[in-house]
Number of protein chains: 2
Amino acid sequence: MKAAYFDGKNMRLDNNYHDPKPGEVLVRVNLTGICGTDLEILDGYMAYDGILGHEFVGTVERSENPDLIGKRVVGEINVGCGNCKSCEKRMDRHCPNRTVLGILKRDGAFAEFLSLPEKNLYVIPDSITDEQAVFVEPLTAAFEIKEQVTLQPSWSVAVVGDGRLAQLIIQVLKLTCPNITCFGRHKSKLKSLINIGVKIKIGIEKSDEQFFDLVVEATGSNSGFADTMKLIKPRGTVILKSTIASRENLDLTPTVVNEITLIGSRCGLFKPAIDALATGTVSIDSMIDSTFPLEKFQEAIQHAKNLTL
Amino acid sequence: MKAAYFDGKNMRLDNNYHDPKPGEVLVRVNLTGICGTDLEILDGYMAYDGILGHEFVGTVERSENPDLIGKRVVGEINVGCGNCKSCEKRMDRHCPNRTVLGILKRDGAFAEFLSLPEKNLYVIPDSITDEQAVFVEPLTAAFEIKEQVTLQPSWSVAVVGDGRLAQLIIQVLKLTCPNITCFGRHKSKLKSLINIGVKIKIGIEKSDEQFFDLVVEATGSNSGFADTMKLIKPRGTVILKSTIASRENLDLTPTVVNEITLIGSRCGLFKPAIDALATGTVSIDSMIDSTFPLEKFQEAIQHAKNLTL
């Protein structure tokens, strides 16, 4: 099959990459997203070589379950070993021996086909387009916050970052918390948020410091963490969404002195994300910047990198 | 009065240091403890000059309230401005304009006298000796954990560190959680813990990694944080007790990937700590290593430093 292969340093198009291994469901990739994590892996965040890509929507080509064939699916990207304590508790996402689609020991979606176990797949209803469905995986990361924190409508909430994940998070938090401020760098990206009543700020003012009950760090940069720590109120809660390739002299002293709670947060359950897209609770209008064929992956990645500048 | 004055670089005995300012309760210091934070301030952790010392028990010499005179007291060390949002919520401890006894813009206990507002003072019952009472302040830091986390008896708990604070924390956690392991460096310090059924370990074994539901970091060192992150289970909770003078290349990526909750934790309410000493729920037997007169403060500090090696 055709695939964009990353050898640990560079990516190249391989027209004769081996097909995904048998024994799992074979999915033809319809659309795949480029995530900040992909860009970090390309920058050396993890010692990964193989096919990148973990946000996808595809069509089932081959499956032992005939009902699945021809269905459009999205997929939970973590595959547990099935034999450990985490897997027993259905926490495959935290299995120490897991593989992760396009991230850890498992080829991903920058290819014609991918494979996953049947239990990882979710059939997408017809009311959701491919363009929406490709956002299910990042949207689960937004909904995960609701699984970890009991949001209070009275809270002043800040989201640091204005990328795609930040925008999805804001939409999800807005379902519970009316008072949200987004600290971003690109006013152009944030227009749609103004329409739903989110305050937009470029830069932190004195009155913002230690003002917010909840701050979500979704920038993917060191300065994002520093900004977050400026905004959070004593005894407030910080959600950490970015996995960052390099950290320099990060100081946790304010965390102790101000008794901050920092919660690491990854992707979450698929069902709430699919429902939110099906009912229109979350909108991804205007969030696809460009679409490229697989052959133009270099151009696509450069485009994604430029968007994060 | 006599006081050990720290000029920001060195400490020296001053026989004619000015008396504490009037308008507050004047307390003659009976005993004072040397805390890890004191040693960090001496190492440059905060730009502080003045009298150090914030763990004390004393006797009231002068007060507008005649009932207080002659009473033995301990004291909440944070003095809020009284006019901000934190103070309104009785969170003087988090007032942005606060002074802190022996730590921030307020002379401390390494002196003949100190002063604090009356509302900061707690009268100590006769059943508590001075030697016990001087532990009230660090003991509040142990009880603070119970205010921040709902402890589960089923949890496997690790405490990293074997200093005085770690030992107090272990005694408090043991009231709820029977399964506690202390990761320390000095077996001699830990004998008393074995008697109450705590497992003692010098060094982390493979089977300890990602094993613990709750890990308390109470070492005051960078390596303590790294050890903590090795021990904590995915989705576990970490309590951060150390304020550390220097942090180098601290990596929060595992916090995100394993969805860890990190909770900064400082000192807490005085009432539970006083009650625990009065009832014997917490014992400080054998926790006073040596006692020195004020004049021998250099020797005392060197002794405290040696104990942390």
Exercise. Measuring from I263(B):CD1 to E259(A):CD, what's the distance to the nearest 0.5 Å?
Worked result: 10.0 Å
Exercise. Are the side chains of L262(A) and T261(B) in touch, meaning some heavy atoms are under 4.5 Å apart?
Worked result: no
Exercise. In this structure, are over 12 heavy atoms from other groups packed under 6.0 Å from K201(B) atom NZ?
Worked result: yes
For this session: Drop me the distance from K89(A)'s NZ to R235(B)'s CZ, to the nearest 0.5 angstrom.
Result: 11.0 Å
Seminar exercise, completed: Ranking M91(B), K85(B), H94(B) by heavy-atom pairs under 4.5 Å to chain A gives rank one to H94(B)
Exercise. SG of C84(B) to CD of Q210(A): how many Å apart, nearest 0.5 Å?
Worked result: 10.0 Å
Seminar exercise, completed: Within residues 136-170 of chain A, contacts to chain B at heavy-atom distances under 4.5 Å involve E144(A), Q148(A)
Exercise. From N258(B) CG over to S86(A) OG, what is the distance, rounded to the nearest 0.5 angstrom?
Worked result: 9.0 Å
Seminar exercise, completed: Nearest heavy-atom approach of L240(A) to T255(B) is CD1-CG2, 4.2 Å
Exercise. Just how far is it from atom CG of L252(B) to atom CD of E217(A), taken to the nearest 0.5 Å?
Worked result: 9.5 Å
For this session: Decide if atom CZ of F211(A) counts as having more than 12 heavy atoms of other residues, nucleotides or ligands within a radius under 6.0 Å.
Result: no
Problem set entry | Atom group of K241(B) that falls short of 4.5 Å from chain A, counting heavy atoms | backbone
